**Student:** 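Here's a structure for you.
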Amino acid sequence: MVTSRTLLAQLVAFDTTSRESNLALIDFVWRYLTDLGVNCELIHNAERSKANLYARLGPAGKGGVMLSGHSDVVPVDGQAWSVPPFALTERDGKLYGRGTADMKGFIACMLSAVPHFLAQPLTQPLHLAISYDEEVGCLGVRTLLDALAQRPEKPDICLIGEPTELQPVLGHKGKLGMRCEVQGAACHSAYAPQGVNAIEYAAKLIHRLTEMGERLAAAENQDARFDPPYTTVQTGVIQGGRALNIVPAECSFDFEVRTLPKDDAQQVADELERYAHRDLLPLMQAVNRDTSIRFTSISGYPGLYTDAESPAARLIAHLTGTDSFSTVAFGTEGGLFHQAGIPSVICGPGSMAQGHKPDEFISLEQLTACDAMLRRLAEWMCL
Ligand SMILES: [Zn+2]
């Protein structure tokens, strides 16, 4: 058996920053599993530069448990690392390297456990999934889920090993990122009323978003399981204008909506769009017919909240020995699995407090505890 620590060192050595190909890592995992006699499938992107890996072991048939992780990592650009990011360095019981916590540590434990799962009389299938492009909007896993949707043998439960320090997590908010492009009409600023000031109309829209955010934060809309306990709206980028003496013809801004499970981000976006088209556009077009306001979606993933009484929640409570469930602020692929009809929970080694930062690490103790958790899963799958 190869230990999770050894496998983690091998996985960290592949630079799988989302902008790079992950095929070298996927090929390594494919070889490892094939050598153990496990059938693997690769689901490539359109350019065939990246792939998801899917494998199934144990008895054929429906149901079973899926272990899922993403192979990509966030960039190290501009970060001050005191160790090489794409090599594993051990110091005082901590293993340093990009992706150790988020989330090659879990993938290492999952791969290390495969020989053990193979040696057990499993009564249900174990599914393994490794995706790409999670860090850039949970993109890669969508093609994997499309492929799975064609088959009868869908897993009953998915365990997403994002770092939660092995605490059971049932959910997170959903997110929708949008761009709004206001096309006004330029003119000399001395004749400002003859133009259509794109920045001023964008400002009206942003002000409206702020008001919508205040309404969503009202006490009656809160859900204490999340932090902050309400749906938030935020404008993060704005661009427009060339010179003070020109009425600006263009302004664009990006905003995001992070929703509680009960709220629909699209409804927020639709409300803004209605305001734009009903209240603002007629004023703009009264001055100049060639003006417009356009909205496009730029990123997003659905939220997740798995019922605390569901089999998925009961399993993770059993595996971790606690039913004090929580939620996390970061997004995961769990919302997409859930949407595809696979109830999901999040539980993995390491902490997101170290994720995405320089000198990212996972403690050896967390890695060992995750190995033990997967042993308990193997036991449970023999019942
Ligand atoms: Zn992650």
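All values derive from a computational prediction rather than experimental measurement. Just the heavy atoms: all of them, side chains too, but no hydrogens, waters or symmetry mates, feed the values below. Start at 1 and go down the list; that is how both ligands and their atoms are numbered.
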**Student:** For the Zn ion (ligand 1), give me the closest N/O/S atom belonging to D102, just the atom name.
**Tutor:**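 Result: OD1.
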**Student:** Could you check which N/O/S atom of E162 is closest to the Zn ion (ligand 1)?
**Tutor:** OE1
**Student:** Between the side chain of D359 and the main-chain N/O of S82, is any donor-acceptor distance below 3.5 Å?
**Tutor:**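 Indeed, once roles are kept as given, a pair shorter than 3.5 Å links the two residues.
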**Student:** Could you tell me whether E90 and R5 make a salt bridge, using a distance below 4.0 angstrom between a side-chain N and a carboxylate O?
**Tutor:**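 A salt bridge is present here (some side-chain N lies under 4.0 Å from a carboxylate O).
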**Student:** For a distance under 2.8 Å, tell me if E135 has an N/O/S atom near the Zn ion (ligand 1).
**Tutor:**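 E135 does not place any N, O or S atom closer than 2.8 Å to the Zn ion (ligand 1).
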**Student:** Could you tell me whether R31 and D27 have a side-chain N and a carboxylate O separated by less than 4.0 Å?
**Tutor:** yes
**Student:** Please determine if K175 forms a cation-pi arrangement with Y301, meaning its NZ or CZ atom is less than 6.0 Å from the six-membered ring centre and no more than 45° off the ring axis.
**Tutor:** no
